[in-house]
Amino acid sequence: MRNYGGCAPSKHARSSSTEKSKVLKTECYPISILPHMSRLFLDFCERQEPLAPFYTASAYSTEWMTAPIRLSPSNRASLCDLLEEENGGFGASNSKIDENLNRLREGAGAVVTGQQVTLFGGPLFTLLKAATAIRKARDASASGRPHVPVFWLATEDHDLAEANQVAFPADGELRTLRAEIDQPSALPVGRIPLGNGIEAVLEQAAAILGPGPFLDDLVACYRPGATFSQAFGGLISRVFSGQGLIVLDASSRVFHAFGKSVLREAIVRADELHTALMDRDQQLRAAGYHSQVLVPSHSSLLFLIDSASGARVPLRRTHSGDWQAARRSYTSSELLAILDEEPERLSPNALLRPVFQDSILPTSVYIGGPAEIAYFAQSQVLYERILGRTTPVLPRLSATLIEPPVASVLAQHELSLQDVIEAALKDPLELAHRLGARAMPIEAKRKLASAGNALEQELSALTSYMHSVSQSLGNASDVAASKMRYQMNRLRRLAANDQLKREESLTRHAEAILLNLFPNRHPQERVLGAAWFLSRYGDVLPEVLIEQAGQQCPGHKAIWL
């Protein structure tokens, strides 16, 4: 077996993934409660029909489950041989993975998702992506057409500053752990070795996560001699081995050779494809959207690995029709020669990557996050021109996990997840003020409410009368009324602050809620490390997430653990 540097055996016995976890309750919210979502993604999620011409399927589509699966028998056999070797190398080979590899060999379709390889598994949404792919593959198989889940490791990304860190809640604050690695920032992250410094980061993680089977997995996978690809691939394989998740690192020469027809098209049809993307940009703007990936006039769809430094640098078009990477120029013929001899040196950008991926795999549907799905509105024109088809895309499960201690505090203060998010987005201290206001004695609440209602009633009558007298007097009364309302609200806030001083626990409660559910005013799924939850809930958690990844809630879920 080829050595991929997979994880070493775990020291602890692992619990069965068939164990059942009791989910107390779930709540479904519109996806729009989360901040910073593009209008394009929101419209895609809210429409029952495809958002044409940008998408060929909707977020509710099921047609992909029975659509033709395109992959030649010879390519399928070679692909499965490679996947079998690679997954064995990740150290998580078991009967479930073997069963899915056999299904893939016999003609099954693939439900694909993926993520950049990061420290200790990255944020929670990594688990949500994998869980959704597994759930959709199960749903499709139940409909009569076998499907298997595949996790594509984005090992060619070169943003080390983003990949080398993970955040956990600890001691009442958000702790960010970083692997200090002295490497050029433009190197593909997947091939960067972790180095001996990873042992100190593991010690920090152990102090936060505590001992147990999952920590053993971290230690086994994130070894000094492992690369980011080997460590992340080994960990995600272990976490979902009971569900048969197939993991793929396509950065090698042989996988790039499988997909080199797409890379070739990006070279020989560069001008045509660029024009198509510019036309799509105009369509997006005309529909009231904006380009999710900027397409400058000199850009291309490709990166080149520098033969000397190993850096991944963007290929740019020149006015003469040639190409430039860093300070060196290339002709199209020279790039085609590199593609034939060293295909792994050429890699796709964010728009071309899904097309490259689906030239290798028998992909029926892709599971993406908000940004990825928005990218597909531009990638769609590349799909049609290069592959002659467009892969449907579905949103991953979006969720906030509410642990029992946090749930108790929410219940005590009669707060919902939406209350928390709205308060946090308004002001970092707003949630504490709300808790203070709710905790005030009933007599104080009644007096403030009575005064506020009386003030509002009198001001409304007064400003209405002043407007009837003259416009200038009415405008002046509006200004004066606004100042009075401000002072009334200030009095309410002062009363709430006084209550906070009397009950210091209220501030601690607010801080704990925000830290765990909406840290740094961002969704939990994008900030807190997946390892935090896996260390606490173990093998039960993947099945909980898979169960919740159906389409019953097309928005954002609050899941009580």
Side-chain angles (χ1 to χ4, degrees), residues 44 47-84 99-114 132-152 244-246 248 250 255 257-266 269 273 276 348 351-368 372-373 375-396 550-551:
F44 171 82
R47 290 171 59 114
Q48 295 284 339
E49 298 300 321
L51 183 58
F54 311 118
Y55 302 94
T56 59
S58 76
Y60 302 87
S61 170
T62 57
E63 290 84 356
W64 59 270
M65 294 184 180
T66 55
I69 299 172
R70 298 176 175 88
L71 190 67
S72 69
S74 60
N75 283 354
R76 184 182 287 271
S78 300
L79 171 68
C80 291
D81 287 343
L82 287 168
L83 288 175
E84 184 175 359
E99 288 173 11
N100 278 342
L101 285 169
N102 287 334
R103 290 191 183 100
L104 193 63
R105 194 181 294 276
E106 293 168 1
V111 178
V112 184
T113 193
T132 307
I134 294 167
R135 173 60 183 267
K136 299 306 180 187
R138 287 182 182 178
D139 291 346
S141 297
S143 72
R145 178 74 66 85
H147 279 78
V148 300
V150 177
F151 196 100
W152 179 285
L245 181 66
I246 298 170
L248 167 61
F255 277 112
F258 273 146
K260 74 176 184 178
S261 62
V262 170
L263 303 176
R264 182 179 297 277
E265 293 286 278
R269 298 171 64 187
L273 297 176
L351 294 179
L352 188 63
R353 190 205 58 77
V355 184
F356 174 74
Q357 160 198 288
D358 294 345
S359 70
I360 296 173
L361 294 168
T363 308
S364 294
V365 69
Y366 184 81
I367 307 300
E372 290 173 295
I373 288 177
Y375 293 172
F376 261 69
Q378 293 169 272
S379 295
Q380 191 268 336
V381 298
L382 303 178
Y383 268 104
E384 290 298 329
R385 283 161 178 77
I386 296 175
L387 298 184
R389 66 182 191 275
T390 300
T391 295
V393 60
L394 297 178
R396 63 162 171 80
Q551 286 182 321

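Computed over heavy atoms, backbone and side chain alike; hydrogens, waters and symmetry mates excluded.
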* To do: Take Ile360 and Trp152, measure what side-chain contact (heavy atoms from CB on, under 4.5 Å) needs, and give me the verdict at the end.
  => CA-CA 11 Å; Ile360 296 173; Trp152 179 285; 4.0 Å; yes

Closest heavy-atom pair and its distance - [X], [Y]:
X      : Y      : value
Thr132 : Pro395 : CG2-O, 4.0 Å
Pro354 : Ser379 : CG-OG, 3.9 Å
Cys80  : Leu101 : SG-O, 4.2 Å
Ala266 : Leu273 : CA-CD1, 4.0 Å
Pro362 : Ile69  : CB-CG2, 3.5 Å
Ala133 : Thr113 : CB-CG2, 3.9 Å

Residues in side-chain hydrogen bond (donor to acceptor under 3.5 Å, both in side chains) contact with [X], at least two apart in sequence or another chain:
X      : answer
Arg70  : none
Tyr383 : Asp358
Arg138 : Glu543
Asp139 : Arg135

What is the distance from atom [atom1] of [X] to atom [atom2] of [Y], rounded to the nearest 0.5 Å?
X      : Y      : atom1 : atom2 : result
Leu51  : Phe376 : CG    : CZ    : 14.5 Å
Leu245 : Asn100 : CG    : CG    : 8.5 Å
Asn75  : Ser359 : CG    : OG    : 9.5 Å
Phe258 : Leu361 : CZ    : CG    : 10.0 Å
Glu265 : Leu382 : CD    : CG    : 11.0 Å
Phe151 : Ile367 : CZ    : CD1   : 12.0 Å

Taking salt bridge (Lys or Arg N to Asp or Glu O under 4.0 Å) as the test, write out the residues that go with [X], two or more places apart.
X      : result
Arg396 : Glu525
Arg105 : Asp81, Glu84
Arg76  : none
Arg385 : none

* Output all residues satisfying ring-ring contact (aromatic ring centres under 6.0 Å, His included) with Phe356, sequence neighbours left out; order by chain, then residue number. =>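 Result, ring-ring contact (aromatic ring centres under 6.0 Å, His included) vs Phe356: His256.
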
* **Chi angles and distances behind the side-chain contact (heavy atoms from CB on, under 4.5 Å) call for Leu352, Ile386** => CA-CA 10 Å; Leu352 188 63; Ile386 296 175; 3.8 Å; yes

* How would you list all residue pairs meeting side-chain hydrogen bond (donor to acceptor under 3.5 Å, both in side chains) that involve residues 51-62, not counting sequence neighbours? ->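 Only Ser61-Glu63 qualify under side-chain hydrogen bond (donor to acceptor under 3.5 Å, both in side chains).
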
* **Pairwise side-chain hydrogen bond (donor to acceptor under 3.5 Å, both in side chains) hits with a residue in residues 141-150, at least two apart** =>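 Qualifying pairs: His147-Ser364.
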
* **Qualifying residues under side-chain contact (heavy atoms from CB on, under 4.5 Å), relative to Ser74, sequence neighbours excluded** =>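 For Ser74, the residues satisfying side-chain contact (heavy atoms from CB on, under 4.5 Å) (neighbours in sequence not counted) are Ser72.
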
* To do: Check the pair Leu79 / Leu71 against side-chain contact (heavy atoms from CB on, under 4.5 Å), numbers first and verdict last.
  => CA-CA 10 Å; Leu79 171 68; Leu71 190 67; 4.0 Å; yes

* Note, Leu387 side chain near Val262 side chain (heavy atom, < 4.5 Å) ->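 Side-chain contact under 4.5 Å: yes.
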
* Criterion side-chain contact (heavy atoms from CB on, under 4.5 Å) on Ile373 and Tyr366, from CA distance to verdict -> CA-CA 9 Å; Ile373 288 177; Tyr366 184 81; over 6 Å; no

